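What follows is a set of notes on a single structure, which appears directly below.
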Amino acid sequence: SLSSLQFLERLDLSFNRLRWLPQDFSRRLSSLQELRLDHNLLQHIDSAALQDSENLRKLDLSYNRIRAMDAKAFTSLSHLNLLNLEGNRLNVLQDGVLSRQQSLEVLLLSHNNISAIESEALAPLRSLTVLGLQGNMLRHIRFKTFLKLQTTRTHLQMSLNPWTCDCELQRVFGKIQYVRHLHVEDYKDIICHSPSQQAGNSLASQDSQLCVLETASVLVITITVMLAVIGTLVKAERNRKNKQLVSEAEAQEKKNDGY
Ligand SMILES: *[C@@H]1O[C@H](CO)[C@@H](O)[C@H](O)[C@H]1NC(C)=O
């Protein structure tokens with residue numbers, strides 16, 4: 001039904017009841033720059049569905065039911081500036097899904113069910129300025145994953161996740177703050193979900209307390225080991241002296257017997 005629209009630049013199909021996109025959906029839509037498919041019932045993005053819309057700049061897939069995207073779903077979209085996937089059901093941000101998105105500036109993934117970001121998933125995004133991850137299921141993140149964002153300035157939005165506030169998490173956010181081109185926009189709103197004694201507190205209000213316990217236990221272990229070593233040395237020295245005394249006494253005795 002869209003096959004005569006090869007000069008069409010904007011297409012708005014939002015607020016419909018689309019359940020899937022046919023494989024040849026984009027076959028004649030080669031001039032398309034903006035495609036709105038938000039507020040539909042899409043569950044999956046097939047690898048072929050968007051492959052001929054190579055000029056696409058904006059793609060809005062927000063508020064659908066997308067659980068998974070084919071690894072090749074976006075490979076033709078190398079000019080994409082904005083990708084909105086808010087309000088879907090994604091669980092994992094996978095390596096390779098965004099491998100051609102060097103031009104992507106805005107990636108909106110808030111209000112999904114994302115609990116993991118694979119280690120290379122963000123690496124291709126050289127132009128990213130905004131990464132929205134609010135309202136997901138993130139408990140922990142790895143510093144290395146975010147360090148792979150080789151950009152000039154990226155704003156990260158990370159609040160409304162069930163963060164596990166431990167020393168490790170505090171260190172990760174601490175390190176991110178020292179990376180000049182990364183900026184956690186809503187750091188003050190990073191609220192701890194667990195452990196229970198931290199629940200409801202903001203990570204920022206913990207200062208460096210979460211690592212104090214860890215540092216203290218390292219200190220205790222170090223001191224214990226040192227005391228044990230010193231004890232052993234003292235004992236060895238005492239034994240040596242005792243032996244010396246005994247042998248001197250024996251020698252003296254022999255001498256006395258001789259007389
Ligand atoms: C959300 O992710 C969790 C795993 O983190 C999974 O058990 C659950 O089924 C997911 N929910 C939906 C609606 O996909």
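Both ligands and their constituent atoms are indexed starting at 1 by order of listing. Not measured: the values here are computed from a predicted model.
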field: Exercise: do Asn64 and Asn88 side chains pair donor with acceptor under 3.5 Å
entry: no
Residues Ser14 and Asp12: side-chain donor-acceptor under 3.5 angstrom: yes
query: Between the side chains of Gln94 and Glu118, is a donor N or O closer than 3.5 angstrom to an acceptor N or O?
result: no
- request: State whether a side-chain donor-acceptor pair under 3.5 Å links His193 with Asn161.
  value: no
task: Compute whether any side-chain donor of one residue and acceptor of the other, for Asp189 and Ser159, lie under 3.5 angstrom apart.
output: no
- prompt: Partners of Thr232 by side chain to side chain contact (heavy atoms under 4.5 Å, CB included), sequence neighbours excluded?
  reply: none
- line: Sorted by chain and residue number, the residues having a heavy atom closer than 4.0 Å to an atom of ligand 1 are Arg67, Asn91, Asn113, Ser115
